[in-house]
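Please read the structure below before turning to the comments.
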Amino acid sequence: MIKKKFYVTTAIDYVNAKPHCGHAFEKTLADAIARWNRLNGKDVFFLTGVDENAQKNVQAAEKAGINVKEFVDKNTGFFLDLCKKLNISYDDFIRTSAKDHAVIVQKIVKKIIEKGDIYLGKYEGYYCTGCEEYKTEKDLVDGKCPEHNKEPEFRKEEAYFFKLSKYQDKLLKIIPKYVIPEQRKNEIIKRVEEGLTDLCVSRRNVEWGIDFPNDKNFKIYVWVDALINYISGLKNKEKKYWPADVHVIGKGINWFHSVIWPALLLSAGYELPKTLLVHGYLNLGGKKISKSLGNVIDPLGLLGKYDSDSVRYSLLKCSVFEDSDYSEEILISRNNNELANKLGNLVSRVEALAEKYGIEKTENKLISKLKLKEIEKYVNNYEFDKALNEIFAFIDECNLYVQDKKPWETHDKKVLYELADSIKATAILLYPFMPSTSGKIAEQFGFKIDYKEISKPLKVSKIKKGEILFKKM
RNA sequence: AGCGGGGUAGAGCAGCCUGGAGUGCUCGCGAGGCCCAUAACCUCGAGGUCGUGCGGUUCAAAUCCCACCCCCGCUACCA
């Protein structure tokens, strides 16, 4: 039987600084999607990586007084480390400075040129000679560059433009089926309806980046370069996995993914990705993450102190679509109140009872309290926080069942079987979110982590009390 | 300014579309139960003018309509 393919990506991150918990959030979301689909028997390809060609990296490197390559290598290392410690099951990690990426980018840009969608025009704007870059009105304070406190000069220079405006009607047809959630979709539709102007896709006077085809005076605009990672990252598996099933991105880069990316693909003659999942931001103590406020949480720091599953769970309980609050206190509270007290304690008490009295196969009536259909619906809609709430509601039911049936008094092996079988179902459902915990439970109770196992009765085996799953903090 | 989302118990949410006693969930707080378990688990309880308008519609408004106040998001070549 041929497995159905499933291709999921995250945005690629700038490596101008160390990762923050927003990066951890996005990677964990995408990982949960990847694992959920693998669990359901799909042939999954999961791509993540870093954007090394951005000017921001160059600026940050200059500030640090290190050469760009060295700087980028060092920071990319932090992102790789983050993925490893978070247990991110990516199939490939792309770095856009890689040669094979540049080849694909040039190939696609050439296709767009051949289509006649790129033309030489004039770019006009306000150029700050201090920054050596164009500024938008938004960048300026009282008409001056805030960095250098001087007025930028008006410049007009040759540049290549992509005929974005040409795709307006097609985009308006595509976007409604492509972008979730509703709110993000509507924002984009409104803006596209207001009209599109062509996009400047070349950069002059920069050394870092990918050469423009047939014109060495220019580099390719880094966003075009960056977006193409979703194809170049597949390397020789492009035929098999493209188009992407889900791009997971943050709300800040919605425009590029909702409008520019499909337009480029249409022009170059590629199939379009199916879903764009736009997630919200994490706020720390109710405030935006910002370095000047000093409220950045270092996820690597958290992962040094806490288990990966505790970090993953605490992130996944944040709303996917809305901005939500996150902090170390929230992590600790979710770990203690939900993971340790509910799940960990349930497993612990059932193991202890089963070890003493054994289990005996019977029909599991308790499992009717598990709202499987609803959980599936939530996961398929990417509402992981709600799915987890439902799963934990069932864990509450299990704890209540222990309380009601008093197996420590009755020594009822059948009740203990029902509980063990229910724990099996729970652990399988939790696999996409907490893979290592799920594995530990599977080992203790003797079952395979496979979605089909949920409905198959648990094989009776000797159960022993294992290690505590979650320590309290 | 334009467009969109929101204001419900100490905190965070659901309920609103399709009106029917303020109903529910998570955390926190108070009392009790249990003794299998990680001082965990279970039960009960306190706590709310559902942003404001003694606004409108209605037998009936958190829910529908209007006005106002406050918060947040988006407004492209910033990568």
Side-chain angles (χ1 to χ4, degrees), chain A residues 11-14 16 51-59 96 123 125 133-139 159 161-162 164 181-203 209 221-227 251-256 258-260 278 280-281 283 286 288 317-319 321-325 329-330 333-334 336-357 385-386 388-390 392-393 395-396 398-411 416 419 465 467-472:
Chain A
I12 49 174
D13 306 306
Y14 305 123
N16 61 345
D51 178 357
E52 297 181 321
N53 297 337
Q55 282 302 304
K56 282 235 170 101
N57 298 337
V58 178
Q59 286 160 8
T96 55
Y123 185 86
E133 66 181 17
Y134 282 99
K135 296 287 177 187
T136 61
E137 278 179 38
K138 230 165 66 178
D139 294 329
F161 286 85
F162 169 64
L164 184 63
E182 205 78 10
Q183 190 198 339
R184 300 289 162 211
K185 179 199 300 180
N186 293 338
E187 281 171 9
I188 292 291
I189 290 174
K190 275 268 153 51
R191 282 170 57 189
V192 174
E193 281 172 349
E194 282 168 15
L196 294 172
T197 58
D198 292 344
L199 176 74
C200 176
V201 289
S202 64
R203 286 296 180 273
Y221 174 43
V222 72
W223 257 110
V224 173
D225 159 359
L227 287 164
K251 64 183 186 182
I253 55 176
N254 189 8
W255 177 259
F256 296 94
S258 289
V259 176
I260 295 172
V278 187
Y281 284 164
N283 295 328
K288 277 187 191 171
K317 280 280 290 194
C318 296
S319 163
F321 301 121
E322 313 274 323
D323 289 359
S324 51
D325 214 9
E329 287 72 39
I330 286 173
S333 126
R334 287 176 182 160
N336 291 356
N337 295 322
E338 296 164 46
L339 296 180
N341 289 354
K342 291 175 191 288
L343 174 60
N345 184 50
L346 173 70
V347 169
S348 171
R349 67 203 299 209
V350 171
E351 276 176 358
L353 289 162
E355 183 175 5
K356 263 190 224 167
Y357 310 117
D385 52 324
K386 289 184 181 165
L388 284 168
N389 276 338
E390 275 312 329
F392 274 75
I395 292 171
D396 285 344
C398 292
N399 271 317
L400 183 57
Y401 202 66
V402 178
Q403 185 71 24
D404 280 356
K405 297 285 179 181
K406 300 186 194 324
W408 62 88
E409 253 176 51
T410 63
H411 306 180
L416 292 173
L419 285 161
K465 190 153 164 49
E467 271 178 56
I468 278 180
L469 289 176
F470 302 99
K471 289 193 190 99
K472 293 220 210 168

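Chain letters run A, B, ... following the sequence lines, proteins first, then strands; residues in each count from 1.
- Position along RNA chain B of the nearest nucleotide to A/Tyr357 versus A/Arg203 favours A/Tyr357 as the more 5'-ward residue.
- Every residue was checked against the salt bridge (charged side-chain N to carboxylate O under 4.0 Å, His left out) condition with A/Glu409, not counting sequence neighbours, and none meets it.
- Contacts classified as salt bridge (charged side-chain N to carboxylate O under 4.0 Å, His left out) and involving residues 339-348 of chain A (residues at least two apart or in different chains) are given here: A/Lys342-A/Asp396.
- Every side chain to side chain contact (heavy atoms under 4.5 Å, CB included) that A/Lys472 has, sequence neighbours left out, goes to A/Asn336, A/Ala340, A/Asn341.
- Remark: A/Tyr281 engages no residue in a ring pair (Phe, Tyr, Trp, His ring centres under 6.0 Å) (not counting sequence neighbours).
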Once Watson-Crick and G-U wobble pairs under 3.5 Å are found, how is RNA chain B written in dot-bracket notation, 5' to 3', with | for any base paired to another strand? ((((((((.[[[[[)....(..]]]]].(((((.......))))).....[[[.[[..)....]]]]])))))))....

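- Heavy-atom nearest nucleotides on RNA chain B were determined for A/Ser333 and for A/Tyr221, and the one closer to the 5' end corresponds to A/Ser333.
- Listed by chain and number, the residues in a salt bridge (charged side-chain N to carboxylate O under 4.0 Å, His left out) with A/Lys386 are A/Glu383 (sequence neighbours excluded).
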Return a table of donor-acceptor pairs under 3.5 angstrom between the side chains of residues 400-407 of chain A and protein atoms on other chains or two or more places apart.
from     : atom 1 : to       : atom 2 : distance (Å)
A/Tyr401 : OH     : A/Glu418 : OE1    : 2.8
A/Tyr401 : OH     : A/Glu418 : OE2    : 3.3

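- Closest contact between the side chain of A/Leu196 and the listed nucleotides B/A37, B/A76, B/C35 involves B/A76.
- Not counting sequence neighbours, A/Asp51 has no partner by the salt bridge (charged side-chain N to carboxylate O under 4.0 Å, His left out) test.
- Of the candidates B/C36, B/A76, B/C74, B/A76 carries the atom nearest the A/Thr197 side chain, counting heavy atoms from C-beta on.
- For A/Arg184, the salt bridge (charged side-chain N to carboxylate O under 4.0 Å, His left out) test picks out A/Glu187, with sequence neighbours left out.
- Scanning for side-chain hydrogen bond (donor to acceptor under 3.5 Å, both in side chains) contacts around A/Asn345 gives an empty result, with sequence neighbours left out.
- Distances were taken from every side-chain heavy atom of A/Arg191 (C-beta onward) to each of B/G73, B/C74, B/C3; the shortest belongs to B/C74.
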Show the distances under 3.5 angstrom between N or O atoms of the protein and N or O atoms of nucleotides 38-47 of chain B.
from  : atom 1 : to       : atom 2 : distance (Å)
B/U38 : OP1    : A/Lys465 : NZ     : 3.4
B/U38 : O2     : A/Phe470 : O      : 3.4
B/U38 : N3     : A/Phe470 : O      : 2.8
B/U38 : O4     : A/Phe470 : N      : 3.4
B/A40 : OP1    : A/Lys472 : NZ     : 2.9
B/A40 : O5'    : A/Lys472 : NZ     : 2.8
B/A40 : O3'    : A/Asn341 : O      : 3.4
B/A40 : O2'    : A/Asn341 : O      : 3.3
B/A40 : O2'    : A/Asn345 : OD1    : 3.1
B/A40 : O2'    : A/Asn345 : ND2    : 2.5
B/C41 : O2'    : A/Arg349 : NH1    : 3.1
B/C41 : O2     : A/Gln403 : OE1    : 3.3

Sub-3.5 Å pairs of nitrogen or oxygen atoms, protein against nucleotides 7-18 of chain B:
none

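- Nearest nucleotide to the side chain of A/Phe256, out of B/C35, B/G73, B/A76: B/A76.
- Here the CZ atom belonging to A/Arg191 is positioned 8.0 Å from the CG atom belonging to A/Asn254, to the nearest 0.5 angstrom.
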